[in-house]
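To start, the structure under review is shown below, and the notes come after it.
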Protein chains: 2
Amino acid sequence: MVTIKDVAREAGVSVATVSRVWNDADFVSPETRQRVAEVAARLGYSPHGAARSLITRTTFALGVLLPDLYGEFFSEIIRGIDHVVRAAGYHILVSSSHESKDEIDAALRSMRGRVDGMIIMSSDLEAQRTLRTLQGSFPVVLLNGDAESKAFDTITIENHEGARAMTRHLVARGHRRIAMIAGPERNHDAAERLRGYRTTLTENRIELDESLVVQGDFSELSGHLAVTQLLALESRPTAIFAANDSMAIGALSALRENDLRVPHDMAVAGFDDIPLARYMNPPLSTVHVDISQLGARAAALLLLSLQKGIRPHEHMQLSTTLVIRASCGGAVS
Amino acid sequence: MVTIKDVAREAGVSVATVSRVWNDADFVSPETRQRVAEVAARLGYSPHGAARSLITRTTFALGVLLPDLYGEFFSEIIRGIDHVVRAAGYHILVSSSHESKDEIDAALRSMRGRVDGMIIMSSDLEAQRTLRTLQGSFPVVLLNGDAESKAFDTITIENHEGARAMTRHLVARGHRRIAMIAGPERNHDAAERLRGYRTTLTENRIELDESLVVQGDFSELSGHLAVTQLLALESRPTAIFAANDSMAIGALSALRENDLRVPHDMAVAGFDDIPLARYMNPPLSTVHVDISQLGARAAALLLLSLQKGIRPHEHMQLSTTLVIRASCGGAVS
DNA sequence: TCGATTACTGAAATCGTTTACAGCGCTCTC
DNA sequence: GAGAGCGCTGTAAACGATTTCAGTAATCGA
């Protein structure tokens, strides 16, 4: 491996000069600059990242901790982050499967000295509490977590509003028995979406029937299973609101297997508006969230912290919009 | 920031001892070990990654260069890589939008000293040639590239076989006018898939009609556009084979907009079998590729290189299987 | 002609670790 | 009782860069 010393020796200068040339510093004569540049190119020199970040105390890398990597939701987030981060010359160090406190802890430790900041998405409320311990080591942006974590920048989706809008729409279309396929119990987003659903029903004086709320885990399979469960009910719902699109998609396939027509026999709605929602047949009504924007905003916030140093923590809310497609019967007439 | 020195001072030992405790080295008395561990925990010490990898010459990180991050294909690859890599205690440093030679070059430079090896996916054939220059700096696995790059480990999909199988199936179902929505011109996978399509037609003595081959770019939109183009033909095809699923999905939506029924009026097939293919309506016939496996194998190969040092380069072929669903009319009767 | 200024370059300290080597106090052996 | 061996610990040299500070030669002003 060719180091700065090799270049220095070969060019007949000191390592300091090579460093200056590489970093476009002042006070290097044009001739020296040229000669060093040539030698560096010939030897194929590029500085050693670790050595560099040891002394400069910056790595130009951001850590991204995700609970999972499965499905379009996460890939969109990464895409959003990468897009912003790349423009600023940063890279991202990804690590997934971090739900529990211990795993997050371990990941954080192992990233010390390798990243300048972190974007952490852990919907598990418990895990977030423990994060507080790491205050001060480096900037952190919390994604989709508990916005009450005043110790960090946070970005959350308007889950409650979104769920209310969709539930209201279903009610407006005349549905009274609306089922909800809920997300993971300890997930913050899921809880908020469920809450929005409940509030709206109550507001519309529709009695809450707990048998219509089925637990899911955000996966397609769980959506499928939830429908089987709902169809076994004595008094079936006329509409199904899934807490995310993946489960809605699973629901659609289960309904098809049971020869139920959507939206005629059963209206279906999802949440997130992942790219493929529109390609479903029928196209899926859902609550649109600009997922990649979620990542992009988080990245931007983090970069801001890095540039500006300490500053008051921000708590962003990403708004949602109702996207009515065919799966719930279309717009209210 | 708390360093090893702080811990050493606080515990009344030398930094060497702290290091030994941290790395579970021998020859530390139980009492010292305990005391140091306590102090480290109290101070919240964790070693500085850059400093550590500077001296140990390992980073426990692998670089992943992708052309793009859009869509399920890439997220599946990352998932496959992450899964394997995590088990070995590694992280991944992701960087996307690297198609051209220069971009790849820049990314490689910026990753020197930050990763122990790289997985590079660049279907652009030109870019691959230039990669040769970097031989020897660190192990590299080429994904889906030109398997002839004898200088690296490579993993490729059996594109040719897969395309042949699907085309054969369409022929067997009685189709004679089969259109192909091809992928990007300079993409290796795309080229091979197109070649498989052509070989099969020739083998079956079906005349190649170049107006039936439409250029796409692997995006849903391009699939949509391609169909519009095909439908404008005087003599329409009866089947459409898209070089990847995304384009097939775009094709399906275009056909629906034109009130053509699939598979009755037009058979459609894709390639890749991305997770959502089965959820299409009608479910999409496609050539199954275990995408996450592609990433997983690449990661495994890379880890092997890191452990074993120099070894002969491997050239893996990932096999494909035909997945016949409703969109092409089902199995041959 | 001399001192000051300017333009450039080099020596050396530094970042936070790991690790080879040396040292120290014991115990054991002959 | 001297030397060897053992168990533990500390000193100091790396790793590859950046950066401060000092030094040198050339130019300038008086």
Side-chain angles (χ1 to χ4, degrees), chain A residues 1-40 43-61 89 108-116 137-138, chain B residues 1-37 39-40 43-61 89 109-116 137-138:
Chain A
M1 198 181 49
V2 32
T3 76
I4 199 172
K5 280 184 197 167
D6 300 321
V7 179
R9 189 173 352 96
E10 195 78 7
V13 295
S14 75
V15 292
T17 304
V18 177
S19 174
R20 277 190 275 257
V21 169
W22 199 263
N23 299 309
D24 281 328
D26 288 341
F27 305 126
V28 179
S29 74
E31 307 87 64
T32 316
R33 181 179 297 275
Q34 162 111 28
R35 183 156 38 92
V36 170
E38 268 174 22
V39 173
L43 266 48
Y45 168 74
S46 55
H48 191 277
R52 197 173 206 176
S53 55
L54 179 57
I55 184 95
T56 60
R57 325 196 67 69
T58 51
T59 62
F60 281 97
L108 286 173
R109 303 187 92 76
S110 76
M111 287 207 176
R112 216 206 73 164
R114 326 195 139 282
V115 298
D116 296 338
S137 40
F138 46 46
Chain B
M1 197 183 48
V2 33
T3 76
I4 199 172
K5 281 185 194 166
D6 300 321
V7 179
R9 188 175 351 96
E10 195 79 6
V13 295
S14 75
V15 292
T17 303
V18 177
S19 174
R20 277 189 275 259
V21 170
W22 199 263
N23 298 310
D24 281 328
D26 288 341
F27 305 126
V28 179
S29 75
E31 308 87 63
T32 316
R33 179 179 299 274
Q34 161 111 27
R35 182 156 39 91
V36 170
V39 173
L43 266 48
Y45 168 73
S46 55
H48 191 277
R52 198 174 206 174
S53 54
L54 179 57
I55 185 98
T56 60
R57 327 197 65 69
T58 51
T59 62
F60 281 96
R109 304 185 92 76
S110 77
M111 286 207 175
R112 217 207 72 168
R114 325 197 141 281
V115 298
D116 297 337
S137 42
F138 45 47

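Residue numbers begin at 1 in each chain, while the letters A, B, ... track the order of the sequences.
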Q: Would you indicate what R112(A) reaches in the nucleic acid, counting non-hydrogen atoms under 4.0 angstrom: base, sugar-phosphate, or nothing?
A: sugar-phosphate
Q) At under 4.0 Å between heavy atoms, what does S19(B) touch on the DNA or RNA strands: base, sugar-phosphate, or nothing? A) base
Q.
Please report the distance, rounded to the nearest Å, between CE in M1(B) and C1' in dT14(C).
A. 13 Å
Q.
Using a 4.0 Å heavy-atom cut-off, does R20(B) contact any base of the nucleic acid, only the sugar-phosphate backbone, or nothing at all?
A. base
Q. Counting any heavy atom closer than 4.0 Å, what does V13(A) reach on the DNA or RNA strands: base, sugar-phosphate only, or nothing?
A. sugar-phosphate
Q. In whole angstroms, how far is the P atom of dT17(C) from the CZ atom of R114(A)?
A. 12 Å
Q) With a 4.0 Å cut-off on heavy atoms, is T32(B) in touch with a base, just the backbone sugar-phosphate, or nothing at all? A) sugar-phosphate
Q. NA contact type, S29(B), heavy-atom cut-off 4.0 Å: base, sugar-phosphate, or nothing?
A. sugar-phosphate
Q | Pairwise side-chain contact, R114(B) with T59(A), heavy-atom cut-off 4.5 Å (strictly under) | A | yes
**Q.** Gap between atoms CZ and P, on R9(A) and dG10(C) respectively (whole Å)
**A.** 14 Å
Q: Quick one: pull up OH in Y45(A) and CD1 in I4(A) and give me the separation to the nearest 0.5 Å.
A: 4.0 Å
Q: Could you list where the contact with chain B starts and ends along DNA chain D, reading 5' to 3', using a 4.0 Å heavy-atom cut-off?
A: dC8(D) to dA17(D)
Q: Assign each of S46(A) and V15(B) to its nearest nucleotide of DNA chain D by heavy atoms, then name whichever residue's nucleotide is nearer the 5' end.
A: V15(B)
(Q) How many whole angstroms separate atom OH of Y45(B) from atom P of dG16(C)? (A) 10 Å
Q.
How long is the straight-line distance from CZ of R52(B) back to OG of S46(B), given to the nearest 0.5 Å?
A. 9.5 Å
